[in-house]
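Residue numbering restarts at 1 for every chain, and letters A, B, ... go by the order of the sequence lines.
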2 protein chains.
Amino acid sequence: MSIGTKTFNHATSGQVPDMGGLVAFLGTNGFSGEAENWDEGRVSGFPTAASVLEFERNQAIFSDGDPAGSFYKVTSGAVRLCKLFADGRRQIAGFCFPGEYFGLACQGKEYALTAEAMIGTTVVRFPHSCLADLDRSSAEFRSHLVALLCGELSLAQNHLLMLGRQTVKERIASFLLMMLDRRGRDRRDGVMLDLHMGRQDIADYLGLTIETVCRTISDLKRAGVLGVPGPREIVVKKIRLLQDTANGEA
Amino acid sequence: MSIGTKTFNHATSGQVPDMGGLVAFLGTNGFSGEAENWDEGRVSGFPTAASVLEFERNQAIFSDGDPAGSFYKVTSGAVRLCKLFADGRRQIAGFCFPGEYFGLACQGKEYALTAEAMIGTTVVRFPHSCLADLDRSSAEFRSHLVALLCGELSLAQNHLLMLGRQTVKERIASFLLMMLDRRGRDRRDGVMLDLHMGRQDIADYLGLTIETVCRTISDLKRAGVLGVPGPREIVVKKIRLLQDTANGEA
DNA sequence: CAGTCTCTACGGGTTTTCCCCGAATGTTCA
DNA sequence: TGAACATTCGGGGAAAACCCGTAGAGACTG
């Protein structure tokens, strides 16, 4: 399945193991916060074997029900975490971009959802046994872990608001604003945004159909709020209007 | 505001502070898992002052935007965590029942949502400074903490599925099954369930209107799946049918 | 105790939203 | 270039929101 596997099995450096920004992404949205500058590949501190893996577009990294043994950090590309119903319905619980973690939320012994590469993606895989060494990790790291988990939950809460009580326009606008923040883009007119996903992914994240997503984006384009240079690219032309739309003031 | 406040300010027992089942409920759904038997009032181990507070039905424990200084454990009653829109829309992010924690998910310095007592409720309040002592707490507790956070996130993911992709009937059925599990009830015919909430709370949790909730519960009653002895009580008469409904097989 | 008030539950009718189906257009890749 | 796929657009229909009204239970008042 996985193509291009390089395994590091270096000796532990003899010191207290550095958890290397094991920033606890427990399975929903990746949330890094200021974690970006924590390491970015400081794999070397880990006491156990870590592997670098590459995945093609739409390739599964792990699937709902698989035995859970590892968690992952995205180094390049993008990952979606989703749940599939028997009848084909799909809900995306979150996305992961470079610097973010996923695969820790294994209730019991199995993954509760499926992780797939949305584009060509490189990840680092860590065995869960790394977590058992949490005791010996630094206090700084541990409080960082808690902060990131809080951020995780806040992201999920925001997602709940969108799905439960926002209109279609509000959801689309909120989604785009979230993507701007997530990808480190400023909130200013003319900013270009690479979505790295198709309309179906947006629909399954927002609990809508692909048609509704298309229509709403077209509406925003017609209103001069957005530009759409390509299917996976968005230019925000009037950020203020987009924010108003997200807040239901349009 | 708070009525009946008793403050313990006992001397630290001179030992390593016992976090007393500080089971990390970070602001969304309370999730206790097997935490029920962890302590249940073992406040005595805490290094800092903890207070027992009582709240009346519909009284706010803290509000969205309040400065965040404490987290809470429910000892009796029930708590809802919700977000209010300016135009009156409301989304309930989760409920907390005895043994569960809330109020840890303060992104930054302010609470991100509002906590209200759904019925007469007793809680224990812990200052956030307790968390700073996390270092000195036991390894057992810390792994417990991580497990509970994972459970938290799984609950939120489940909620996302409900809001995003389930039909009205599926949501109601899933909600009732979740409540059964949450309140420690067996999944068997004839089980009585105290909801401790009105129809509006159910609606705001499931992203529906109160009319739709009423109608759907009536439908299930007519179908012989449920009995409704009181407005806040449900008797599950055909658990199998309820499960089928939750899975879209009805 | 009667009376009033409020909150909650529930039913019906209307309107809107958004899903479903079909088709045309655009994009990507072999 | 052609084939496969994704996106966009339009029309019909079903589901749920919305707006109405009714009724019952409980709380408060006198």
Side-chain angles (χ1 to χ4, degrees), chain A residues 56-58 80 85 87-91 116 118-120 162-172 175 194-223 226-234 245 248 250, chain B residues 56-59 80 85 87-91 116-120 162-173 175 194-223 226-235 245 248 250:
Chain A
E56 306 171 337
R57 181 170 166 174
N58 291 329
R80 68 174 157 253
F85 285 55
D87 58 7
R89 282 178 287 179
R90 190 179 72 152
Q91 175 66 45
E116 295 166 334
M118 294 195 289
I119 51 178
M162 290 171 44
L163 294 181
R165 288 300 181 205
Q166 285 194 304
T167 66
V168 172
K169 275 195 170 182
E170 289 167 9
R171 289 185 216 193
I172 295 283
F175 168 76
D194 275 318
L195 291 177
H196 289 148
M197 69 185 80
R199 298 287 186 264
Q200 187 63 61
D201 283 338
I202 300 176
D204 287 341
Y205 181 79
L206 297 177
L208 304 170
T209 59
I210 189 172
E211 299 96 319
T212 304
V213 173
C214 285
R215 258 187 272 272
T216 308
I217 290 179
S218 295
D219 290 346
L220 290 172
K221 190 171 72 175
R222 261 188 294 275
L226 302 178
V228 186
R232 290 164 178 248
E233 294 161 352
I234 295 281
T245 305
Chain B
E56 306 171 339
R57 182 169 166 174
N58 292 328
Q59 197 180 357
R80 67 174 157 251
F85 284 55
D87 59 6
R89 283 178 287 179
R90 190 179 71 153
Q91 175 67 44
E116 295 166 334
M118 294 195 288
I119 51 178
M162 289 171 44
L163 293 181
R165 288 301 183 205
Q166 285 194 306
T167 66
V168 172
K169 273 196 171 184
E170 288 166 10
R171 290 185 215 193
I172 296 284
F175 167 76
D194 275 318
L195 293 177
H196 289 148
M197 69 184 81
R199 299 288 187 262
Q200 187 63 60
D201 283 338
I202 300 175
D204 286 342
Y205 181 79
L206 296 177
L208 303 171
T209 59
I210 189 171
E211 298 96 319
T212 304
V213 173
C214 287
R215 257 188 272 273
T216 308
I217 290 179
S218 295
D219 289 348
L220 289 172
K221 190 170 74 175
R222 263 189 292 274
L226 302 178
V228 186
R232 291 163 180 251
E233 294 163 353
I234 294 281
V235 174
T245 304

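Judged by distance alone, with hydrogens and angles left aside, the side-chain atoms of R165(A) form a donor-acceptor pair with the main-chain N or O of L208(B) at under 3.5 Å. For Q91(B) (side chain) and Y205(B) (main-chain N/O), a donor-acceptor pair under 3.5 Å exists by modelled atom type. For the pair R199(A) (side chain) and I210(A) (backbone), a donor-acceptor distance under 3.5 Å is absent.
Residue contacts shown for G207(A) are limited to sugar-phosphate atoms, with no base heavy atom under 4.0 Å away. Residue contacts shown for R171(A) are absent, as no nucleic acid heavy atom lies under 4.0 Å away.
One atom, NZ of K169(A), and another, P of dC18(C), lie 11 Å apart when rounded to the nearest Å. Residue I172(A) contributes atom CD1, which lies 14 Å from atom C1' of dT8(D) at whole-angstrom precision. To the nearest angstrom, C1' of dC5(D) lies 11 Å from CZ of R232(A). Distance, L163(A) CG to dA16(D) C1': 17 Å, rounded to whole Å. In this structure, M118(B) places its CE atom 19 Å from P of dC7(C), rounding to the nearest Å. Atom CZ in R57(B) sits about 10 Å away from atom C1' in dG26(D), given to the nearest Å. In this structure, R199(B) places its CZ atom 13 Å from C1' of dC7(C), rounding to the nearest Å. In this structure, I210(A) places its CD1 atom 7 Å from C1' of dA6(D), rounding to the nearest Å.
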Can you name the atoms? Protein N/O to nucleotides 20-26 of chain C N/O, anything below 3.5 Å, with the distance.
| unit_1 | atom_1 | unit_2 | atom_2 | d |
| --- | --- | --- | --- | --- |
| dC21(C) | N4 | E211(A) | OE2 | 3.0 |

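Distance check: L195(B) CG to E233(B) CD gives 8.5 Å after rounding to the nearest 0.5 Å. Note that OG1 of T209(B) is 8.5 Å distant from CD of Q200(B), once rounded to the nearest 0.5 Å.
Within the 4.5 Å cutoff, the side chain of L206(A) has no heavy atoms near those of the Q166(A) side chain. Residues I202(B) and M197(B) form a side-chain contact, since some pair of their non-hydrogen atoms from C-beta on lies under 4.5 Å apart. Between R171(B) and L163(B) there is a side-chain heavy-atom pair separated by less than 4.5 Å.
When the nearest nucleotides of DNA chain C are assigned to R222(B) and N58(B) by heavy-atom distance, the more 5′-ward of the two goes with N58(B). For P229(A) and Q166(A), each mapped to the nucleotide of DNA chain C holding its nearest heavy atom, the one lying further toward the 5' end belongs to Q166(A). Along DNA chain D, the nucleotide nearest K221(A) and the nucleotide nearest R165(A) are compared for position; the residue whose nucleotide lies closer to the 5' end is K221(A).
The side chain of T212(A) places an N or O atom within less than 4.0 Å of a non-bridging phosphate oxygen (OP1 or OP2) of dC19(C).
Each end of the helix from dC1(C)-dG30(D) to dA30(C)-dT1(D) gets its own axis, taken as the rotation carrying the C1' atoms of four end pairs onto the next four within a five-pair window, and the two axes meet at 50° to the nearest 10 degrees.
Looking at R80(A) and D201(A), a side-chain N of the basic residue comes within less than 4.0 Å of a carboxylate O on the acidic one, giving a salt bridge.
Considering only side-chain atoms of S218(B), the nucleotide from dT8(D), dC10(C), dC9(D) that sits closest is dC10(C).
Scored by the salt bridge (charged side-chain N to carboxylate O under 4.0 Å, His left out) test, D194(B) finds no partners at all (sequence neighbours excluded).
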